[in-house]
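There's a structure below that I have some questions on.
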Amino acid sequence: MKFFENKFTYEYSFPAVSLAYFLRYPNPYSRHVLTTDVIDRYIDPKTQRLHTIRLHLKKSKIPSGILKLLPKGMGGSDNSGQSYILETTVVDPKEGWMETDSRNMEWTGILSVVEKQRYQGHTSESDMRAVDSVSMDKRAEQTTVRTTVTFRSRLGQGKLLGRKKTDTTPGQNEVEEEAPKKGFFSALSTAGIQRSIELIGVSRTRDAVMKSKEGMNVVLERLRKGGIVGVLENMRRDREAFGPVVPGSTRG
């Protein structure tokens with residue numbers, strides 16, 4: 001199992017960042033996202049927190065580096081196509097935080113990727129500047145996001161169990177002595193492949209996280225300049241430019 005962690009601060013308030021999160025597709029950095037649909041959405045009557053479950057369909061393929069480690073044909077005939085990502089979010093508007101959980105639904109036996117994010121709004125005291133009596137009360141609103149991604153490959157785990165003893169026929173002990181040795185070396189080989197697959201996932205995620213930040217910044221800037229109307233207008237232009245994000249009946 002491998003982990004990737006990143007922390008980043010947006011120079012925008014929490015309401016703006018949380019809204020941009022739900023309006024981030026499409027943008028110039030998310031051309032691989034084909035559709036997004038809201039599966040469920042409700043407000044918890046006790047906590048007043050907003051819960052949302054969305055399903056994203058994205059263009060996807062198994063990286064060539066991982067394909068080289070797989071048995072022939074396991075990655076599919078053309079190594080291209082689409083994959084679904086299940087996303088759950090919880091937003092607490094009163095306390096100013098949001099937690100997200102996104103995970104792949106395809107190829108989980110090869111590599112399971114679980115991304116968790118924590119968005120926290122706050123006021124930066126360090127940005128207070130005592131230039132005059134007016135600017136002394138100015139404080140910069142920011143939102144910090146901490147991203148943690150967990151990678152786990154289970155490739156070959158179902159075949160790592162050693163042979164079980166079934167009878168005591170002559171010569172059986174010799175066979176039983178050899179089986180654990182083969183299982184041990186097989187386990188070493190499989191573990192190495194799993195680690196390699198997980199490391200490839202970590203490497204690709206670094207680039208994906210950077211693109212995600214850029215995409216969010218684009219949406220935030222659109223919100224700043226034109227509000228929600230400006231964001232929706234640019235979304236329309238993006239669809240025309242590089243293909244639609246087809247929403248469900250309750251688009252998030």
- How far does OH of Tyr21 sit from OG1 of Thr100, to the nearest 0.5 angstrom?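 Going from OH on Tyr21 over to OG1 on Thr100, the span is 4.0 Å.
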- Query: Looking only at heavy atoms, which two atoms of Met216 and Val17 are closest? And how far apart?
  - Reply: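 Scanning both residues, the minimum pair turns out to be CE-O, 3.7 Å.
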- Message: Rounded at 0.5 Å granularity, tell me how far CE in Met98 sits from OG in Ser18.
- Response: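 Between Met98 CE and Ser18 OG, I get 6.0 Å after rounding to 0.5 Å.
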- To the nearest 0.5 Å, tell me how far Gln142 CD sits from Phe14 CZ.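 CZ of Phe14 is found 14.5 Å from CD of Gln142.
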- Do you reckon Leu19 sits in the same ILVMFWY cluster as Val219, going by side-chain contacts under 4.5 Å, direct or chained?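 Looking at the clustering, Val219 is in the same group as Leu19.
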- Message: So which atom in Asn27 and which in Gly215 form the shortest heavy-atom distance, rounded to 0.1 Å?
- Response: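 Shortest heavy-atom contact: OD1-CA, 3.4 Å.
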- Item | Inter-residue atom distance Glu141.CD - Ser13.OG, 0.5 Å rounding |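 If I round to the nearest 0.5 Å, the distance is 5.0 Å.
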- Task: Check Thr88, Thr148, Asp101 against Lys116 for a side chain to side chain donor-acceptor pair (under 3.5 Å) and give me the one that passes.
- Result: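 Option passing the side chain to side chain donor-acceptor pair (under 3.5 Å) with Lys116: Asp101.
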- Aromatic ring centroids of His56 and Tyr25 under 6.0 Å?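 That pair passes the under 6.0 Å test.
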- Establish, yes or no, whether the cationic atom of Arg41 lies under 6.0 Å from the six-membered ring centre of Phe22 and within 45° of the ring axis.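 Checked: cation-pi criterion met.
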- Message: Are Leu199 and Phe4 connected into the same hydrophobic cluster when the rule is that any two of I, L, V, M, F, W, Y join if their side-chain heavy atoms are below 4.5 Å apart?
- Response: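 Not linked; separate clusters.
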- Passing option when Glu87 is tested against Lys58, Arg54, Arg103 for salt bridge (Lys or Arg N to Asp or Glu O under 4.0 Å):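 Passing option: Arg54.
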- Message: For a quick test of reading the model, state the closest non-hydrogen atom pair linking Glu95 to Gln120 and the distance between them.
- Response: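 Closest heavy-atom pair between Glu95 and Gln120: O-NE2, 3.7 Å.
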- Query: Are Val113 and Ile85 joined in one hydrophobic group, where the rule is that I, L, V, M, F, W and Y side chains link up if heavy atoms are under 4.5 Å apart?
  - Reply: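 In one cluster: no.
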- Message: I need the Glu198 CD to Ile110 CD1 distance, nearest 0.5 Å.
- Response: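 Between Glu198 CD and Ile110 CD1, I get 13.0 Å after rounding to 0.5 Å.
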- Message: Arg31: which residues meet the side chain to side chain donor-acceptor pair (under 3.5 Å) condition with it, sequence neighbours left out?
- Response: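 Expected list: none.
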- Message: Can you tell me how the ring of Tyr10 sits relative to the ring of Tyr119, calling it parallel under 30°, perpendicular over 60° and tilted otherwise?
- Response: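 Rings of Tyr10 and Tyr119: parallel, as their planes differ by under 30°.
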- Message: What's the separation between atom OG1 in Thr143 and atom CZ in Phe8, rounded to the nearest 0.5 Å?
- Response: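 If I round to the nearest 0.5 Å, the distance is 11.0 Å.
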- Task: Give a yes or no on whether Leu223 and Leu232 share a hydrophobic cluster (residues Ile, Leu, Val, Met, Phe, Trp, Tyr; joining criterion: side-chain heavy atoms under 4.5 Å apart).
- Result: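 Linked, Leu223 and Leu232 end up in one cluster.
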